[in-house]
Amino acid sequence: MISSVKPTSSSFSTVFSGGVRRSIPTKLQFSPLNIIKNCHNQSFSSNAISHQKPLHISSASNFKREVRVQAYEADRSRPLDINIELPNEQSAQKLKIGIYFATWWALNVVFNIYNKKVLNAFPYPWLTSTLSLACGSLMMLVSWATRIADAPKTDLDFWKTLFPVAVAHTIGHVAATVSMSKVAVSFTHIIKSGEPAFTVLVSRLFMGETFPLPVYLSLLPIIGGCALAAVTELNFNITGFMGAMISNLAFVFRNIFSKKGMKGNSVSGMNYYACLSMMSLLILTPFAIAVEGPQMWAAGWQNAVSQVGPNFVWWVVAQSVFYHLYNQVSYMSLDQISPLTFSIGNTMKRISVIVASIIIFHTPIQLVNALGAAIAILGTFLYSQVNKQ
């Protein structure tokens, strides 16, 4: 159906402009007619509307109409108070965590390389462990003295709660160093990937904690993988194996004591590890002297310098510095991420150390041994996923 226009008596107004009579439409009334008819009584301007066809506008100049549109303007006097984290802030935080992880892994790889080089030429793990703690303690004392870092505000209660943590840390540190002096770096870290199994065992027996079934199931590949890697290790050594196992157990107790001691404590992660290193140094030094002694150290040092040359001194300094730095960065990252993310990062760190040590030291490894390592690391990753409590 065609819509047509039917003019009414008021559809047009007549004006005179310059002696010319013009008809200007002022109102149009639409009706659904098939055709336009009976419109001869009205005079139409031929240049405005053609009445032989449906509505056709040949010129829009006569249809000007003023329309005023007013927009509502909001009150700007009161700012919006909405706590929204901008994407830029989220990206910056992710970038910061990524830098922490990359630095942590890189420093740990470098430490393990230099530590193994030192132990190959100088097989005295007690002194090596002592030098690592002494170097870190000295670095932090200088930082506090020069105000590069703010010194922590501690009291006697802080040092009391830190003492059991320092004891466990000292045992774990020395045991791991003894292990790497006897076996390959890769094997030590494969065994140390079984730490979650010790965590569950100690928490269950001594702390009375219970875990869901998936947590216990995730321990099966960890234990099985470590056992497979140990049985197929070409250069297996019982002292190295036991050192890694003792280190796992000691670090589990260190983590448990740390959780208790750090509740309500305002000391930053960096300063906390610095204080931990200093107390561990005080604990370790007399035992290192008793077990090895200055005479053995002097003879071993002279022998290492004669075989390696001046680079040996650099190796000792590097392994000491990088030991403190990688531990310091790991404690600093704990202030930024959740324990679950830290656990995943620790698993990936072991993978990077194992792969790097095999490449650099040309460690011979069998396919079955590599399979055991992969299973153990996979179990560690699964453990970190299911143990979110």
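These numbers come from a predicted model, not from an experiment.
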### Task
Quick one: list whatever passes side-chain hydrogen bond (donor to acceptor under 3.5 Å, both in side chains) with Asn248, sequence neighbours left out.
none

### Query
Between the main-chain N or O of Tyr124 and the side-chain N or O of Thr128, is there a donor-acceptor pair closer than 3.5 Å?
yes

### Query
Are any non-hydrogen side-chain atoms of Thr130 and Phe287 less than 4.5 angstrom apart?
no

### Query
So which pairs with a foot in residues 154-170 pass salt bridge (charged side-chain N to carboxylate O under 4.0 Å, His left out), sequence neighbours left out?
none

### Message
Less than 4.5 Å apart, side chain to side chain, heavy atoms only: is that true for Leu219 and Ile222?
### Response
yes

### Query
Does Cys275 reach the side chain of Pro152, with side-chain heavy atoms less than 4.5 Å apart?
yes

### Message
If hydrophobic clusters are built by linking Ile, Leu, Val, Met, Phe, Trp and Tyr wherever their side-chain heavy atoms come under 4.5 Å apart, do Val231 and Ile375 end up in the same one?
### Response
no

### Message
Once side-chain hydrogen bond (donor to acceptor under 3.5 Å, both in side chains) is applied, do any residues pair with Ser218, and if so which ones, sequence neighbours excluded?
### Response
none

#### Entry: Minimal non-hydrogen separation, Ala229 against Ala373, with atom names
CB-N, 4.2 Å

### Query
To the nearest 0.5 Å, how far apart are CD in Gln328 and OH in Tyr272?
15.0 Å

### Query
So do His189 and Asn112 actually touch side chain to side chain, heavy atoms under 4.5 Å?
yes

### Query
To which residues is Leu220 joined in a hydrophobic cluster, defined by side-chain heavy-atom contacts under 4.5 Å among Ile, Leu, Val, Met, Phe, Trp and Tyr, whether direct or through other members?
Leu213, Leu217

### Message
To the closest 0.5 Å, what do you measure between OG (Ser129) and CD1 (Ile171)?
### Response
12.5 Å

### Query
Which ILVMFWY residues are connected to Leu138, directly or by a chain of links, through side-chain heavy atoms under 4.5 Å apart?
Val142

### Task
Just jot down the ring pair (Phe, Tyr, Trp, His ring centres under 6.0 Å) partners of Tyr273, sequence neighbours excluded, or say none.
His169, His324, Tyr331

### Task
Determine the interplanar angle of the Phe211 and Tyr216 rings, folded into 0 to 90°, and report it as parallel if under 30°, tilted if 30 to 60°, perpendicular if over 60°.
perpendicular

### Message
With side chain to side chain donor-acceptor pair (under 3.5 Å) as the criterion, how do Ser186 and Ser357 come out once you've worked through the C-alpha distance, each side chain's angles and the decisive distance to 0.1 Å?
### Response
CA-CA 6 Å; Ser186 57; Ser357 63; 4.5 Å; no

### Message
Would you say the ring centers of Trp159 and Phe163 fall short of 6.0 Å from each other?
### Response
no

### Message
Any heavy-atom pair between the side chains of Phe253 and Phe198 that's under 4.5 Å?
### Response
no

#### Entry: pair Val313-Trp301: side-chain heavy atoms closer than 4.5 Å
yes

## Note on the structure
Sequence neighbours excluded, the answer for side-chain hydrogen bond (donor to acceptor under 3.5 Å, both in side chains) partners of Trp315 is none

### Query
Under 3.5 Å, is there a donor-acceptor pair between the side chain of Thr285 and the main chain of Leu282?
no

#### Entry: Hydrophobic cluster membership, Ile289 vs Met279, 4.5 Å side-chain cutoff
yes

### Query
Counting only N and O atoms by type, is there a donor-acceptor contact under 3.5 Å from the side chain of Ser280 to the main-chain atoms of Ser277?
no

### Task
Check Ala151 against Asn271 and note the closest heavy-atom contact, atom names and distance.
C-ND2, 4.3 Å

#### Entry: Parallel, tilted or perpendicular: ring planes of Tyr323 versus Phe111, cut at 30 and 60 degrees
tilted

### Atom pair CZ (Phe206) and CD1 (Ile256), whose distance is rounded to the nearest 0.5 Å
9.0 Å

#### Entry: Non-neighbouring partners of Ile148 that pass side chain to side chain contact (heavy atoms under 4.5 Å, CB included), sequence neighbours left out
Ser143, Thr146

### Message
Determine whether a donor-acceptor pair (N or O, by modelled atom type, separation under 3.5 Å) exists between the side chain of Lys182 and the backbone of Ile238.
### Response
no

### Query
Measuring from Leu107:CG to Lys349:NZ, what's the distance to the nearest 0.5 Å?
11.5 Å

### Task
Tell me who clusters with Leu95, hydrophobic residues only, linked when side chains sit under 4.5 Å apart either directly or through other members.
Ile99

### Shared hydrophobic cluster, Val355 / Ile377 (ILVMFWY, side-chain heavy atoms < 4.5 Å)
yes

### Query
Any chain of hydrophobic side-chain contacts (each under 4.5 Å) joining Phe251 to Val185?
no

### Message
I'd like to check the side chain to side chain contact (heavy atoms under 4.5 Å, CB included) partners of Ala370; sequence neighbours left out, ordered by chain and number.
### Response
Ile365

### Task
Would you confirm whether Ser203, through its side chain, and Val200, through its main-chain N or O, come within 3.5 Å as a donor-acceptor pair?
no

### Task
Please assess Gln302 against Ser306 for the test side-chain contact (heavy atoms from CB on, under 4.5 Å), listing each intermediate value before the final yes or no.
CA-CA 6 Å; Gln302 185 177 1; Ser306 63; 5.7 Å; no

### Task
Could you list the residues that satisfy salt bridge (Lys or Arg N to Asp or Glu O under 4.0 Å) with Arg350, not counting sequence neighbours?
Glu195

### Task
Report yes if the side chains of Met278 and Leu141 come closer than 4.5 Å at any heavy-atom pair, otherwise no.
yes

### Query
Got a sec: does the CG of Asp150 have more than 12 other heavy atoms crowding it under 6.0 Å?
no

### Task
Could you check if a side-chain atom of Phe241 sits within less than 4.5 angstrom of a side-chain atom of Ile191, using non-hydrogen atoms only?
yes

### Query
Linking I/L/V/M/F/W/Y whenever any side-chain heavy atoms sit under 4.5 Å apart, do Leu228 and Leu382 land together?
no

### Task
Return the set of residues passing side-chain hydrogen bond (donor to acceptor under 3.5 Å, both in side chains) with Ser132 (not counting sequence neighbours), or none when no residue passes.
Gln319

